[in-house]
Amino acid sequence: MSSTNARTLDLLRLLEGIPALSVGAANAMIEACMICFESRGHKSGVKLKVYGSFVGTFTINWRYTITDDMRRYWQDEDEATEYAAYGIALLLIEELTGYTTLQRANKGFGFDFWLGYYDERLPISTQREARLEVSGIRRGNRRQILSRVKQKLAQTEVSDGQYPAYIAVVEFGTPMAQVVRK
């Protein structure tokens, strides 16, 4: 898929009905995304290339202005990168698979989020279709990304069984993402 055929991911979509996200969590992810992209010299409209089980290019858009307060808050680069990767991965998974993010997973299961098709009339536990493990890299290369994917594939083994797993590693320097289905 060429960049002229890029699909659009609007960060504000995180605020629109993703069952696993409160407004506060969604806003934190949006801010972290903006900070991570800005730290690597990118502005709204940046192209993100996707590799792995899915291939494509996405234009990432946001409408907020980054403030000094945001910059001061997101000084912990690891935490900012983690939250930003969550935001991008949740949007990518929805676009690439049709799944929405139903619920945050408990620590120890080897993944971050439960995915499925949301129906507010049913318990979340009956709607689970897949697992999602996310990782972020502020600046890296393809070799580092593939190594992280391998690590995350192994990490999900603890919960292997009935549900497939998706691994999304988001890198903000190029930017690019490796999304694989296990």
Side-chain angles (χ1 to χ4, degrees), residues 3 6-51 56-96 100-115 131-149 151-152 155 166-179:
S3 61
R7 293 184 273 178
T8 300
L9 294 180
D10 190 324
L11 295 182
L12 290 181
R13 170 69 187 97
L14 291 167
L15 291 166
E16 299 173 0
I18 296 175
L21 295 185
S22 66
V23 171
N27 275 318
M29 289 177 191
I30 291 167
E31 284 186 9
C33 285
M34 292 169 25
I35 292 294
C36 287
F37 284 122
E38 179 194 62
S39 76
R40 303 309 319 147
H42 305 300
K43 297 181 185 319
S44 180
V46 65
K47 302 288 191 242
L48 175 97
K49 295 194 183 283
V50 176
Y51 303 95
T57 301
F58 290 85
T59 301
I60 310 296
N61 290 329
W62 59 88
R63 294 181 206 113
Y64 296 151
T65 299
I66 298 174
T67 66
D68 288 337
D69 290 345
M70 290 178 195
R71 288 184 190 95
R72 284 190 295 270
Y73 179 80
W74 293 106
Q75 284 298 299
D76 182 330
E77 284 194 16
D78 291 340
E79 183 177 26
T81 304
E82 176 183 8
Y83 275 79
Y86 286 158
I88 297 299
L90 300 185
L91 293 172
L92 281 174
I93 285 296
E94 189 171 83
E95 280 292 315
L96 297 170
T100 193
T101 307
L102 298 172
Q103 185 176 33
R104 184 84 187 252
N106 289 327
K107 288 212 179 284
F109 287 144
F111 63 99
D112 296 310
F113 296 97
W114 284 105
L115 304 173
R131 303 165 290 148
L132 174 62
E133 172 59 17
V134 179
S135 186
I137 300 173
R138 187 68 69 103
R139 181 178 180 199
N141 58 42
R142 293 275 293 150
R143 185 178 56 61
Q144 291 168 309
I145 294 165
L146 292 172
S147 175
R148 184 77 58 90
V149 167
Q151 172 191 1
K152 295 300 181 179
Q155 179 180 315
Y166 291 88
I167 309 299
V169 177
V170 181
E171 189 272 342
F172 291 92
T174 305
M176 64 181 140
Q178 185 86 13
V179 181

Problem set entry | Worked check of side-chain contact (heavy atoms from CB on, under 4.5 Å) between Tyr166 and Arg131 | CA-CA 6 Å; Tyr166 291 88; Arg131 303 165 290 148; over 6 Å; no
Problem set entry | Criterion side-chain contact (heavy atoms from CB on, under 4.5 Å) against Ile66, the qualifying member of Lys43, Glu31, Glu38 | Glu38
Exercise. Angle class for the Phe111/Trp114 ring planes (parallel below 30°, perpendicular above 60°, tilted otherwise)?
Worked result: perpendicular
For this session: Kindly indicate whether the side chain of Thr101, heavy atoms from C-beta on, has any atom under 4.5 Å from the side chain of Leu21.
Result: no
Problem set entry | Exercise: identify the closest heavy-atom pair between Ala84 and Cys36 | CB-SG, 3.6 Å
Seminar exercise, completed: Residues Leu14 and Ala26: closest non-hydrogen pair is O-CB, 3.3 Å
Exercise. With a 4.5 Å limit on heavy-atom distance, are the side chains of Met29 and Leu90 in contact?
Worked result: yes
Problem set entry | Whether Glu171 side chain and Gly140 backbone form a donor-acceptor pair below 3.5 Å | yes
Exercise. Taking side chain as C-beta onward, heavy atoms only, is Arg40 less than 4.5 Å from Pro175?
Worked result: no
For this session: For Arg63 and Asp10, indicate whether the former's side chain and the latter's backbone hold a donor-acceptor pair under 3.5 Å.
Result: no
For this session: I would like to know whether Met176 and Arg142 meet side-chain contact (heavy atoms from CB on, under 4.5 Å); could you show each step before the answer?
Result: CA-CA 9 Å; Met176 64 181 140; Arg142 293 275 293 150; 3.5 Å; yes
Problem set entry | Phe172 and its side-chain contact (heavy atoms from CB on, under 4.5 Å) partner, picked from Ile35, Ile137, Ile88 | Ile88
Problem set entry | Gap separating the CG atom of Leu132 from the CG atom of Asp112, nearest 0.5 angstrom | 6.5 Å
Exercise. So, the side chain of Ser44 versus the backbone of Trp62: is there a donor-acceptor pair under 3.5 Å, distance only?
Worked result: yes
Problem set entry | Chi angles and distances behind the side-chain contact (heavy atoms from CB on, under 4.5 Å) call for Arg143, Leu146 | CA-CA 5 Å; Arg143 185 178 56 61; Leu146 292 172; 6.0 Å; no
Problem set entry | Arg13/Glu94 salt bridge by N-O under 4.0 Å criterion | yes
For this session: Return the minimal non-hydrogen interatomic distance between Ala89 and Ala168, and the atom names on each side.
Result: CB-CB, 3.8 Å
Problem set entry | Pairwise distance CG(Asn27) to CG(Leu15) - rounded to 0.5 angstrom | 5.0 Å
Exercise. For the residue pair Trp74 and Ala28, what are the closest heavy atoms and their distance?
Worked result: CZ2-O, 3.3 Å
Exercise. Quick one: are Leu91 and Leu11 in side-chain contact, heavy atoms under 4.5 Å?
Worked result: yes
Exercise. Nearest 0.5 Å, what's the OG1-CG distance between Thr59 and Leu9?
Worked result: 8.5 Å
Exercise. Ignoring hydrogens and geometry, is there a side-chain-to-backbone donor-acceptor pair from His42 to Lys47 under 3.5 Å?
Worked result: no
For this session: Indicate yes or no for a side-chain donor-acceptor contact from Ser147 to the backbone of Gln144 under 3.5 Å, with no hydrogens or angles considered.
Result: no
Problem set entry | Verdict with reasoning, Leu96 to Phe58, per side-chain contact (heavy atoms from CB on, under 4.5 Å) | CA-CA 11 Å; Leu96 297 170; Phe58 290 85; 3.8 Å; yes
Exercise. Looking at CZ of Arg7 and CD of Glu95, how far apart are the two atoms once the value is rounded to the nearest 0.5 Å?
Worked result: 5.5 Å
Seminar exercise, completed: Rounded to the nearest 0.5 Å, the OG atom of Ser39 sits from the CZ atom of Arg71 at a distance of 10.5 Å
For this session: Inspect the surroundings of OH in Tyr73 and state if more than 12 heavy atoms from other residues, nucleotides or ligands are less than 6.0 Å away.
Result: no
